[in-house]
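One structure below.
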Amino acid sequence: MEKNPDLISLGARIKEVRLAKGMTQFELASALGKDHSSIARIEAGRINPSYLYLKELAKGLEVPLTTLLDY
């Protein structure tokens, strides 16, 4: 199955913000109470995160949700 370009862009933006915050996937996942592999799948554009998951990611990264969507 071909990856959706929008999901790839979203994942890249989440990764960019996470790295700018100096966080690993493990640290972000731990802060959210999630499995690190789900963070990896989102960043790779392999899954479409729900609105609520995106809100959790933004909170864990301490940025407004719009920061993750601004790509």
Side-chain angles (χ1 to χ4, degrees):
M1 182 163 87
E2 193 172 318
K3 292 183 186 176
N4 182 300
D6 290 330
L7 293 179
I8 292 170
S9 294
L10 174 63
R13 180 67 179 147
I14 291 168
K15 182 177 181 177
E16 176 185 344
V17 172
R18 176 181 59 75
L19 291 174
K21 295 282 185 171
M23 296 179 80
T24 66
Q25 288 180 344
F26 286 101
E27 290 168 333
L28 179 56
S30 179
L32 301 177
K34 305 286 185 184
D35 184 70
H36 117 273
S37 64
S38 69
I39 304 295
R41 288 192 306 271
I42 289 170
E43 289 184 358
R46 292 195 313 259
I47 60 174
N48 186 0
S50 70
Y51 170 73
L52 295 176
Y53 200 139
L54 288 173
K55 283 184 69 171
E56 287 181 70
L57 284 167
K59 186 175 181 178
L61 291 167
E62 299 178 339
V63 296
L65 178 56
T66 55
T67 299
L68 301 182
L69 302 177
D70 244 4
Y71 54 90

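The residues of the chain are indexed from 1 along the displayed sequence.
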Q) Would the number of heavy atoms belonging to other residues, nucleotides or ligands and lying under 6.0 Å from CD of Glu16 be above 12? A)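 For Glu16, atom CD is crowded (more than 12 foreign heavy atoms under 6.0 Å).
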(Q) Listing request: all ring-ring contact (aromatic ring centres under 6.0 Å, His included) pairs with a residue in residues 4-36, at least two apart in sequence or in separate chains. (A)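 Residue pairs with at least one partner in residues 4-36: Phe26-His36.
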Q) Between Arg41 and Ser37, does a side-chain hydrogen bond (donor to acceptor under 3.5 Å, both in side chains) hold up when you go through it step by step? A) CA-CA 6 Å; Arg41 288 192 306 271; Ser37 64; 3.3 Å; yes
Q) Who are the salt bridge (Lys or Arg N to Asp or Glu O under 4.0 Å) partners of Glu27, not counting sequence neighbours? A)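 Scan of Glu27 (salt bridge (Lys or Arg N to Asp or Glu O under 4.0 Å), adjacent residues dropped) gives none.
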Q: Any chance you could measure Ile39, atom CD1, to Lys34, atom NZ, to the nearest 0.5 Å?
A: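 One finds 8.0 Å between CD1 of Ile39 and NZ of Lys34.
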Q: State, to 0.1 Å, how close Gly60 and Leu28 come at their nearest heavy-atom pair, and which atoms those are.
A: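 Closest approach of Gly60 to Leu28, heavy atoms only: C-CD1, 4.1 Å.
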Q.
I need the minimum non-hydrogen distance between Pro64 and Ala58, along with the two atoms involved.
A.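 It is C-CB, 4.1 Å.
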Q) For Asn4, which residues count as a side chain to side chain contact (heavy atoms under 4.5 Å, CB included) partner, sequence neighbours excluded? A)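 Here the qualifying residues are Asp6, Leu7.
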Q. Can you name the residues that form a side chain to side chain contact (heavy atoms under 4.5 Å, CB included) with Leu54, not counting sequence neighbours?
A.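 Expected list: Leu10, Ile14, Pro49, Leu57, Leu65, Leu69.
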Q: Applying side chain to side chain donor-acceptor pair (under 3.5 Å), name anything that partners Glu43, two or more places apart in sequence or on another chain.
A: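 Glu43: side chain to side chain donor-acceptor pair (under 3.5 Å) contacts with Arg18, Gln25.
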Q | Partner set under side chain to side chain donor-acceptor pair (under 3.5 Å) for Ser30, not counting sequence neighbours | A |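 Ser30: no side chain to side chain donor-acceptor pair (under 3.5 Å) contacts found.
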(Q) Could you check whether Glu56 pairs with Lys59 (Lys NZ or Arg NE/NH1/NH2 to Asp/Glu carboxylate O, under 4.0 Å)? (A)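 Looking at Lys59 together with Glu56, the answer is no, because their closest N to O distance does not fall below 4.0 Å.
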Q.
Assigning hydrophobic clusters by single linkage (Ile, Leu, Val, Met, Phe, Trp, Tyr; side-chain heavy-atom cutoff under 4.5 Å), is Leu32 placed with Leu19?
A.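 No; tracing contacts between hydrophobic side chains, which count when under 4.5 Å, never links both residues.
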Q) In the single-linkage hydrophobic clustering (I, L, V, M, F, W, Y; side-chain heavy atoms under 4.5 Å), do Leu68 and Ile8 co-cluster? A)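 Per the 4.5 Å side-chain linkage, Leu68 and Ile8 are not co-clustered.
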Q) Arg13 side chain to Thr67 main-chain N or O, any donor-acceptor pair under 3.5 Å? A)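 Answer holds: yes.
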